[in-house]
Chemist: 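Structure incoming, see below.
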2 protein chains.
Amino acid sequence: MNYSPALAQLIAALRRLPGVGPKSAQRMAFHLLERDREGALDISRSLAQAVATIGQCRRCRMLSDAELCPICTSTQRDPALLCVVESPADVVAVEQSGGFRGRYFVLMGHLSPLDGVGPAELGVGQLETLLAEGSVREMILATNPTVEGDATAHFLGELATRRGVRATRIAHGVPVGGELEYVDGGTLAHALAGRQLLV
Amino acid sequence: MNYSPALAQLIAALRRLPGVGPKSAQRMAFHLLERDREGALDISRSLAQAVATIGQCRRCRMLSDAELCPICTSTQRDPALLCVVESPADVVAVEQSGGFRGRYFVLMGHLSPLDGVGPAELGVGQLETLLAEGSVREMILATNPTVEGDATAHFLGELATRRGVRATRIAHGVPVGGELEYVDGGTLAHALAGRQLLV
């Protein structure tokens with residue numbers, strides 16, 4: 001198809017969004033140009049501003065447009081609890097669960113020596129500085145339940161223990177509301193091994 | 001969730017894209033900021049440029065950044081055939097079928113009196129000017145097979161006939177490669193009514 005150059009350029013650019021293929025990109029471009037030009041300008045401005053202003057929180061590495069993110073500056077948060085996650089999306093997931101009132105540390109990845117991701121890339125130095133401040137008493141390792149996530153949790157757990165900080169790992173098992181029949185074997189084995197006393 | 005202001009603003013803006021809900025918008029924002037800031041700037045620039053430069057082709061109303069779109073300026077196109085469609089996406093669909101070498105006219109909608117969409121909004125004046133030029137001999141009505149699309153086709157068909165231009169409607173029936181068993185009743189009734197002599 002012979003699009004006009006600016007249109008072809010826009011469709012190619014929109015394909016850089018995750019999960020957007022040629023068909024969706026075309027649909028987005030047409031929608032914005034036919035029906036929501038104000039929206040197109042809004043997205044354009046927001047992206048430019050986000051790239052210009054959003055960096056990482058100096059303390060927890062969460063995406064933030066201030067030096068410290070809203071969670072790190074909040075006085076409502078328990079500084080004794082530190083939840084370590086792999087990505088900003090994980091922070092959002094834990095926040096939305098509503099079950100955590102401590103602070104976070106975002107690794108922005110997991111240990112992966114083959115990809116050149118070691119402790120330095122994950123900001124482990126920053127994490128050690130944080131632990132050295134002395135207010136953290138428990139470090140909750142909420143990395144993903146994958147081989148790399150487990151290895152990262154293990155590595156950070158040892159680091160915390162050496163500093164006298166209690167290291168815990170979030171529980172893995174059968175999802176609440178799920179049916180046993182449809183749970184995969186690995187999860188079920190985990191759930192059995194991690195069984196807890198009922199009373 | 002307490003996002004940083006610029007991040008909240010970006011996620012809200014991305015939700016203006018069609019088919020993008022809160023979860024996808026967040027995923028897109030994080031992806032761009034964590035891993036593809038160059039892509040974010042590319043999208044930002046392309047959107048701003050598209051809004052600034054893309055208007056409608058003076059002749060066929062297709063989205064175009066020049067006064068005339070690439071199809072209208074092409075010398076490879078048969079000026080005797082004019083395919084009338086509802087939207088730019090329909091032009092792309094017909095182009096990709098590879099079965100049409102004429103030109104287009106894009107209505108940018110269909111007749112819908114209750115929504116205030118009459119002939120003027122669909123550029124019927126422009127279409128009449130085009131027909132008055134005298135080169136169009138057949139007008140193929142490829143509006144959608146909906147009540148509004150059919151009404152629009154009927155209206156435009158009469159207009160063409162009055163000017164001595166042959167008006168045709170694309171065939172509606174069982175999709176090629178489809179199985180009769182799974183075709184809906186309306187389509188099947190259409191296919192039966194529109195049956196053609198085999199030899």
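Letters A, B, ... mirror the listed sequences (proteins, then strands); counts begin at 1.
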Chemist: Rounded to the nearest 0.5 Å, what separates atom CD1 in A:I43 from atom CZ in B:R16?
Modeler: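 Answer rounded to 0.5 Å: 7.5 Å.
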Chemist: Crowded around B:R35 CZ? As in, over 12 foreign heavy atoms under 6.0 Å?
Modeler: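 It does: B:R35 CZ has more than 12 such atoms within range.
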Chemist: Around atom NE2 of B:H154, are there more than 12 heavy atoms from other residues, nucleotides or ligands closer than 6.0 Å?
Modeler: no
Chemist: Would you confirm whether B:S46, through its side chain, and A:L10, through its main-chain N or O, come within 3.5 Å as a donor-acceptor pair?
Modeler: no
Chemist: Are more than 12 heavy atoms, taken from residues, nucleotides or ligands other than B:R37, located less than 6.0 Å from that residue's CZ atom?
Modeler: yes
Chemist: Where on B:M108 is there a heavy atom nearer than 4.5 Å to chain A: the side chain, the backbone, both, or neither?
Modeler: side chain
Chemist: Are A:V136 and A:V84 joined in one hydrophobic group, where the rule is that I, L, V, M, F, W and Y side chains link up if heavy atoms are under 4.5 Å apart?
Modeler: yes
Chemist: For chain B, find which of A:R15, A:E95, A:Q56, A:E34 contributes the most heavy-atom pairs closer than 4.5 angstrom.
Modeler: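 Of A:R15, A:E95, A:Q56, A:E34, A:E34 has the most heavy-atom pairs under 4.5 Å with chain B.
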Chemist: When you measure from the side chain of B:D65 to the backbone of A:A6, do you find a donor-acceptor pair of N or O atoms at a distance under 3.5 Å?
Modeler: yes
Chemist: Give the minimum heavy-atom separation between A:L47 and B:A40, together with the two atoms involved.
Modeler: CD1-O, 3.8 Å
Chemist: Report the option among A:L33, A:L14, A:V20 that has the most heavy-atom pairs separated by less than 4.5 Å from atoms of chain B.
Modeler: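 Ranked by contacts with chain B, first place is A:L33.
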Chemist: According to a hydrophobic-cluster definition based on side-chain heavy atoms being under 4.5 Å apart (Ile, Leu, Val, Met, Phe, Trp, Tyr only), do B:V85 and A:Y3 belong together?
Modeler: yes
Chemist: Is there a continuous path of hydrophobic side-chain contacts, each under 4.5 Å between heavy atoms, that joins B:M139 to B:F155?
Modeler: yes
Chemist: Counting heavy-atom pairs closer than 4.5 Å to chain A, which one of B:C69, B:A66, B:P5, B:G19 comes out on top?
Modeler: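 Most heavy-atom pairs under 4.5 Å with chain A: B:P5.
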Chemist: Are more than 12 heavy atoms from other residues, nucleotides or ligands located less than 6.0 Å from atom CZ of B:R45?
Modeler: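 Yes.
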Chemist: Tell me, side chain or backbone of B:Q9 under 4.5 Å from chain A's heavy atoms, or both, or neither?
Modeler: both
Chemist: Evaluate side chain to side chain contact (heavy atoms under 4.5 Å, CB included) for A:L32 paired with B:L17, printing each intermediate quantity in order.
Modeler: CA-CA 7 Å; A:L32 293 173; B:L17 291 169; 3.7 Å; yes
Chemist: Side chain, backbone, both or neither: which part of B:I54 has a non-hydrogen atom closer than 4.5 Å to chain A?
Modeler: both
Chemist: If we define contacts as heavy-atom pairs under 4.5 Å, which of B:P88, B:P70, B:G39, B:A50 has the most with chain A?
Modeler: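 Maximum pair count with chain A is reached by B:P88.
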Chemist: Check whether B:L63 gets within reach of chain A through its side chain, its backbone, both or neither, counting any heavy atom under 4.5 Å.
Modeler: both
Chemist: What distance do B:Q49 atom CD and A:L7 atom CG have between them, rounded to the nearest 0.5 Å?
Modeler: 11.5 Å
Chemist: Are A:L131 and A:L141 grouped together when hydrophobic residues (ILVMFWY) are joined by side-chain heavy atoms under 4.5 angstrom apart?
Modeler: yes
Chemist: Is A:I71 in contact with chain B via its backbone, its side chain, both, or neither, using a 4.5 Å heavy-atom distance?
Modeler: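 Side chain only.
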Chemist: Of the backbone (N, CA, C, O) and the side chain (C-beta and beyond), which part of B:D36 lies under 4.5 Å from a heavy atom of chain A, both, or neither?
Modeler: side chain
Chemist: Checking heavy atoms, do the side chain of B:T53, its backbone, both or neither come under 4.5 Å from chain A?
Modeler: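 It is the side chain, since no backbone atom gets that close.
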Chemist: Spell out, yes or no, whether B:L81 and B:F105 are grouped together once hydrophobic residues are joined by side-chain heavy atoms under 4.5 Å, including indirect joins.
Modeler: no
Chemist: Between A:A13, A:A12, A:P18, which residue shows the highest count of heavy-atom pairs closer than 4.5 Å to chain B?
Modeler: A:P18
